[in-house]
Amino acid sequence: GQQLNQSPQSMFIQEGEDVSMNCTSSSIFNTWLWYKQDPGEGPVLLIALYKAGELTSNGRLTAQFGITRKDSFLNISASIPSDVGIYFCAGLFIFSGGYNKLIFGAGTRLAVHP
Amino acid sequence: DTEVTQTPKHLVMGMTNKKSLKCEQHMGHRAMYWYKQKAKKPPELMFVYSYEKLSINESVPSRFSPECPNSSLLNLHLHALQPEDSALYLCASSPRDWGNQPQHFGDGTRLSIL
């Protein structure tokens, strides 16, 4: 089945540092999504990527859809304390019948030290 | 603020109780989803409704019974649950369950089974 390998599993950084995390798969995905989940809340969509090679920014966040369609990365620049949370990559896999299924990575837990 | 609203936010129930979780969205989305999320894990898909009809059941035990009364509402009826069913239950919606549209999540119901 489709699986995503997300790394790193966790990061502990100083405020102001840049952060990078990525997801890889042996399967091809049509859409890559990055979500952030804070404690006690649901995942919030940060960035959606629809085309191989696409590079998209959302404020201090930048994400890219890998050219092979099997990977994606997320960068956070100049981290701040509110960046703390769990970041999930997710690939949208489209089956032959046309319906889709969201496949999640295991998540990257980010802690920011002031 | 999430556009997918889930109630209640917390629920504690005994193994013999019957309760229901509710989810509502007013974005005009025609696909709605139930996910189960255990601590420190990504969400796991349980059910998919497309145009108010059940399209995917990920082999979920019958003690979980979904219902979609109309295009804006999704319920999850619970009966005779087990302690291992304690988890965060997330509802999500997307314009359709095909194509490349992202899913948007509610904040979840934290369920504890005594």
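Order of the sequence lines sets the chain letters (A, B, ...), proteins ahead of strands, with each chain counted from 1.
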Should we count [atom1] of [X] as having more than 12 external heavy atoms under 6.0 Å?
| X | atom1 | result |
| --- | --- | --- |
| B/Glu58 | CD | yes |
| B/Met27 | CE | yes |
| A/Lys51 | NZ | no |

Nearest heavy atoms of [X] and [Y], plus distance in Å:
| X | Y | result |
| --- | --- | --- |
| A/Phe104 | B/Pro42 | CB-CB, 3.6 Å |
| A/Asn100 | B/Arg96 | ND2-O, 4.4 Å |
| B/Leu90 | A/Gly42 | CD2-CA, 3.8 Å |

Options A/Ile103, A/Thr31, A/Leu33, A/Val44, ranked by heavy-atom pairs under 4.5 Å with chain B, top entry
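With the most close heavy-atom pairs to chain B, the winner is A/Thr31.
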Verify the cluster assignment for [X] and [Y]: are they in a single hydrophobic cluster under the rule of side-chain heavy atoms below 4.5 Å apart?
| X | Y | value |
| --- | --- | --- |
| B/Ile113 | B/Leu88 | no |
| A/Ile76 | A/Leu55 | no |
| B/Val60 | B/Leu76 | yes |
| B/Met46 | A/Phe93 | no |
| A/Leu46 | A/Leu49 | yes |

Determine which pairs satisfy side-chain hydrogen bond (donor to acceptor under 3.5 Å, both in side chains) with at least one residue from residues 37-50 of chain A, sequence neighbours left out, and list them in order.
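Only A/Lys36-A/Asp38, A/Gln37-B/Gln37 qualify under side-chain hydrogen bond (donor to acceptor under 3.5 Å, both in side chains).
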Picking from A/Ile47, A/Leu45, A/Leu92, what satisfies side chain to side chain contact (heavy atoms under 4.5 Å, CB included) with B/Pro102?
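Looking at A/Ile47, A/Leu45, A/Leu92, the match for B/Pro102 under the side chain to side chain contact (heavy atoms under 4.5 Å, CB included) is A/Leu45.
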At a 4.5 Å cut-off on heavy atoms, which part of B/Lys9 comes close to chain A: side chain, backbone, both, or neither?
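The side chain, not the backbone.
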Could you tell me which portion of A/Ile86 (side chain, backbone, both or neither) has an atom closer than 4.5 angstrom to a non-hydrogen atom of chain B?
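Answer is neither: A/Ile86 stays 4.5 Å or more from chain B.
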Write out, in numerical order, the residues from residues 106-114 of chain A with a heavy atom short of 4.5 Å from a heavy atom in chain B.
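Answer by number: A/Ala106, A/Arg109.
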For A/Leu102 and B/Tyr35, run side chain to side chain contact (heavy atoms under 4.5 Å, CB included): C-alpha distance rounded to whole Å, both residues' side-chain angles, the deciding distance at 0.1 Å, then the answer.
CA-CA 11 Å; A/Leu102 201 55; B/Tyr35 286 84; 3.7 Å; yes
Point-to-point distance, once rounded to the nearest 0.5 Å, from CG of B/Asn100 to CD1 of A/Ile94
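One gets 6.0 Å once the value is rounded to the nearest 0.5 Å.
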